[in-house]
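All remarks here apply to the structure that follows.
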Amino acid sequence: MPQPQAFGSCNLEACLPPIKGFLETSFIDWPGKLCAILFVGGCNFRCPFCHNHPLVLAPEGMETIPFEEIMDRLAARKNWLAGVCISGGEPTLSPGLPKMITRLKAEGWAIKLDTNGTRPEVLAQLLGDNLLDMVAMDVKAPLVRDKYERCAGGPVNLEAIQESIDLLSRSGIPHEFRMTIAPGLHTEEDIVAWIKQFDRARSRLSLQNFNPKTTLDILYEKEQGFSQEIFSRFAAMVA
Ligand code: SF4
C-alpha cells in the first residue's frame, strides 16, 4: 500500500483539502482546455441556488478520495488532459490547498481555481507563488450588502470580495468573473451595475442562468431561470 507522501512540514494526506469528488473529463469548465475537476468539500456561503449543496452542507458524510488515487488517475490521462480544475465548495478554506497545488504543479499540471473570493490572502499567496494558470471567481451580485448577502445566503465581507477582484484584475493571468443570475435575485439594473465593477479590458465576464435543479434552498426548485430570450440579451451585455 503506498505511504502518504511527506511534503514540507506536513504529511500531505493529513493536511490536504478534502477531495469529495473527481470528474475525469470536462469540456466546459476551462474555456479552450480539456480538464479534470477536483471537488473540495466545505463552503462558507449558502447560496440558495447552489447545486453542489451536499459538498456545502454535509461534506463529512461524503467519502474523501485519497490524493494518491487522484494522482494515479490523472497520470493515466496525461496524454489528453490539459489541466486540473480545483472546485468546490470553496477550496481556499482548506489550509493544505497551496501544498496540494504545488504537488500537482510538480507533475506538470496546469491549474484552474474556482473560488468565491472570500479569502484574498490565500489567493494572493497562490498568485505570488505562481501556482495558478486560470481563476474563475463567482461575484454573486453588485457589491451592495443586502443584494450580495441574499445571493450568498448569509453575511459577506465585501471588502474581501473587492480585494480578490483587484488581485485578479492586476494578476496578468487569465481569469473570469462570473455570476449566476435568477429572477427574484437579480434585475437588469443589477447586471448593469455588476458589469461596471470590472475592467473589461483585463477580465473576462460571464453569466450563468439559474437552473432550478436540486438547489440548496428547496424553495428555489419551484422557481424558474430567465427565459432564453431575456438571458441571451443579458449574456450579450457581457460578451
Ligand atoms: S454556489 Fe455558493 S454555496 Fe455553492 S459552492 Fe459556490 S459559493 Fe458555496
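We count ligands from 1, going down the list as the structure has it; atoms in each ligand are counted the same way.
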(request) Using a strict 4.0 Å cut-off to heavy atoms of Val56, name the atoms of ligand 1 that fall inside it. (result) 3 (S), 4 (Fe), 5 (S)
(message) Please check this pair: side chain of Arg119 against backbone of Asn116, looking for a donor-acceptor N/O pair closer than 3.5 Å.
(response) no
(message) Just to be sure I read this right, does ligand 1 sit under 4.0 Å from the backbone of Asn52, its side chain, both, or neither, counting only heavy atoms?
(response) neither
(message) Counting backbone and side-chain atoms alike, is an N, O or S atom of Cys43 positioned under 2.8 Å from atom 8 (Fe) of ligand 1?
(response) yes
(request) Specify the protein heavy atom at minimum distance from atom 6 (Fe) of ligand 1: its residue, its atom name, and the distance to 0.1 Å. (result) Lys140 NZ, 4.0 Å
(message) Starting from atom 4 (Fe) of ligand 1, what is the nearest protein heavy atom, named by residue and atom, and what distance separates them?
(response) Cys50 SG, 2.3 Å
(request) Check whether any N, O or S atom of His51, backbone or side chain, sits closer than 2.8 Å to atom 4 (Fe) of ligand 1. (result) no
(request) Report the nearest protein non-hydrogen atom to atom 2 (Fe) of ligand 1: residue, atom name, distance rounded to 0.1 Å. (result) Cys47 SG, 2.3 Å
(request) Evaluate the side-chain proximity of Glu107 to Leu74: yes if any heavy-atom separation is below 4.5 Å, no if none is. (result) no
(message) Strictly distance-based, threshold 3.5 Å: is any side-chain N or O of Arg233 a donor or acceptor partner for the main-chain N or O of Glu229?
(response) no
(request) Kindly say whether Gly96 contributes a backbone atom to a donor-acceptor pair with the side chain of Ser94 at under 3.5 angstrom? (result) no
(request) Taking atom types as modelled, find out whether Lys140 and Thr180 have a side-chain donor-acceptor pair closer than 3.5 angstrom. (result) no
(message) Given Gly89, Gly42, Gly41, Ser87, identify the one with the heavy atom nearest to atom 5 (S) of ligand 1.
(response) Gly89
(request) Check whether the ring centres of Phe234 and Phe226 lie less than 6.0 Å apart, and answer yes or no. (result) yes
